[in-house]
Amino acid sequence: MSTAIALFTSDLRIHDQPVLRAALDAADRVVPLFVLDDGVLGSRFCAPNRAAFLADCLEDLDASLRARGGRLVVRRGDPVDTAVRLAAETGATAVHLAAGVSGHAQRREDRLRRALGDLLHIHDAVVTVVAAGAVTPAGRDHFAVFTPYLRRWEQQPRRDPAPTPRRVPVPDGVQGERMAEVRALLASAAAGDPSPALPRGGETEGRRRREAWLGAPLDAYQDRHDDLAGDATSRLSPYLHFGCLSPTELVRDAEAAPGPGAAAFVRQLAWRDFHHQVLAARPAAARLDYRPRGDRWAADEQELAAWREGRTGYPVVDAGMRQLAHEGWMHNRARLLTASFLVKTLYGDWRAGAAHFLRLLVDGDLANNQLNWQWVAGTGTDTRPNRVLNPLVQARRFDPRGDYVRRWVPELASVEGPAVHRPWRLDPQRRAELDYPEPLVDLEEGTRRFRQGRGLS
DNA sequence: ATGGAGTTACC
DNA sequence: GTAACTCCA
């Protein structure tokens, strides 16, 4: 009787799960293992929203495995030590793992390889459609420009989705935490309570939302995905981040849908792969400027706090920040405009903004988050560093009636129409009644502030 | 405003 | 010939 370990990370699903599939194909019995990483649990990365979502994912995965005669083994500790110890304990002759792109994932992979040698099997294209590094430009290790990347990405042959296992035979007597204990551990390790309107995690919920999204016509996506109040986005990002959904399956099924909306949606999924291949090649870009531009970031702590709490005095910015706090999620257009406000208007360091997003976003993904922030900050792969998103222009374009603001900024709920975007123009008595902050900076009087640090000798 | 055309640089 | 860069939007 041979045994293999399927080490789950950001691939918490049983459908199109190459890691689990390979373990099952290669051995008689499989230990599906998830390690609550002490290094993550005890750090600032243990964000309440993702910890709660993760508990849902693990519970759902355990239930799916139990329905197939198995279960999920969850242990707390160092993932490498835990996997090595479990391999010795069960006599496992193989450990299967999905390739990761972050520095943390790469170090974990390296340590596992040193400890396990040939026993370790790394699987590509589990968390992305095209594996990081699978396509590269001549003479470089990664693409720095999206359009040529997309061309190659589209031509790349797709992996066939792995068949869903019917039976998962798990050896008897393998110790693991009970699911109630897992949830309690995650809740106590998290620094604070989850957002009130956090979505439910797990593959089952993810697939339900996937079917709903693909079942409705995708036509409108191209025209409406930027509309803040319309909220016509898939909201599948948390499920993709935790691997509850296979991006390969999602792209295949979206491509089967007709029309330009489907292509626009697939394009967004390609951006995900693009950022993953950048981070895999430059893991330090999670912290350091991809292209250092000599910026001198200037926002003070009070301005930063006002931004975090959604009281900058710019209603569309504050609406985004409050949606983030309430749902653990923000409309992508709002992410761009709130990020631009911090970085380009207040001159706040993108790292501070990215850290706040990572604390709250339930889909908070190192590659997408840090590299999108760098894109906005002008330090990323983009070669146009001086792009500024004016919140008033963004508001007019993407929340023309002001509905998004009224939904998320209750102080302004009584202000009708697009006037809600400029509360400073209301008469003074009305403004006093609203109890809404004065704008942190004036963007209407031609006093546009330019970023500092550029062009200085 | 997560672009396009034209140019440069390097395979 | 391809990807990155520059300028122009």
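Reckoned from all heavy atoms, side chains included, excluding hydrogens, waters and symmetry mates. Just so we're on the same page: letters track the sequence lines, and every chain starts at 1.
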Exercise for review: Would you indicate, yes or no, if dT2(B) has its OP1 or OP2 atom less than 4.0 angstrom from a side-chain nitrogen or oxygen of Arg333(A)?
Suggested key: yes

Check your understanding: Atom CG of Asp141(A) and atom P of dA4(C): how far apart are they, to the nearest Å?
Key -> 11 Å

Review point. Quick one: Asn386(A) CG to dA9(C) C1', roughly how many Å, whole number?
Key: 14 Å

Review point. With syn defined as a glycosidic torsion within 90 degrees of 0 and anti otherwise, which applies to dT2(C)?
Key: anti

Check your understanding: According to a strict under-4.0 Å criterion, is Arg291(A) in side-chain N/O contact with OP1 or OP2 of dC5(C)?
Key -> yes

Check your understanding: Looking for any heavy atom pair under 4.0 Å, which part of the strands does Asn372(A) touch: base, sugar-phosphate only, or nothing?
Key -> base

Exercise for review: Using a cut-off of 6.0 Å, state whether more than 12 heavy atoms not belonging to Arg200(A) lie near its atom CZ.
Suggested key: no

Review point. Can you tell me if Asp289(A) uses its side chain to pair, donor with acceptor, with the backbone of Thr379(A) under 3.5 Å?
Key: no

Practice item. Rounded to the nearest angstrom, tell me the gap between atom CZ in Arg387(A) and atom P in dT6(C). Key: 15 Å

Check your understanding: Within the pair Arg152(A) and dA3(C), is there a side-chain N or O less than 4.0 Å away from OP1 or OP2?
Key -> yes

Practice item. Starting from C1' on dC5(C), measure out to CZ on Phe143(A) and report it in whole angstrom. Key: 16 Å

Check your understanding: Which of the following nucleotides, dT6(C), dT2(B), dA3(C), is nearest to the side chain of Pro137(A)?
Key -> dA3(C)

Point to revise | Asn332(A) CG to dT2(B) P, straight-line distance once rounded to whole Å | key: 10 Å

**Study point:** Quiz item: Trp271(A) side-chain donor-acceptor pair to dT2(B) base, under 3.5 Å
**Key:** yes

Check your understanding: Base, sugar-phosphate, or nothing: which does Arg272(A) touch, judged by heavy atoms less than 4.0 Å apart?
Key -> nothing

Study note, to complete from the structure: Of the listed dT2(B), dA3(C), dT6(C), the closest approach to the Gln268(A) side chain comes from dT2(B)

Check your understanding: Are a donor atom and an acceptor atom from the side chains of Ser414(A) and Arg430(A) found within less than 3.5 Å of each other?
Key -> yes

Practice item. May I ask you to say what Arg267(A) touches in the nucleic acid, namely base, sugar-phosphate or nothing, with a heavy-atom cut-off under 4.0 Å? Key: sugar-phosphate

Review point. Taking any strand in view, what nucleotide pairs with dA9(C) in a Watson-Crick or G-U wobble way, both distances under 3.5 Å?
Key: none

Revision key, fill the gap. From CG of Asp273(A) across to C1' of dT2(B) the rounded distance in Å is 15 Å

Exercise for review: Could you tell me how the ring of Phe146(A) sits relative to the ring of Tyr149(A): parallel (under 30°), tilted (30 to 60°) or perpendicular (over 60°)?
Suggested key: tilted

Point to revise | Atom-pair distance (CG on Asp382(A); P on dC7(C)), nearest Å | key: 15 Å

Revision key, fill the gap. Rounded to whole Å, the CG-P distance (Leu150(A) to dA4(C)) equals 13 Å

Review point. So, does Glu438(A) use its side chain to make a donor-acceptor pair with the main chain of Gly313(A) at under 3.5 Å?
Key: no

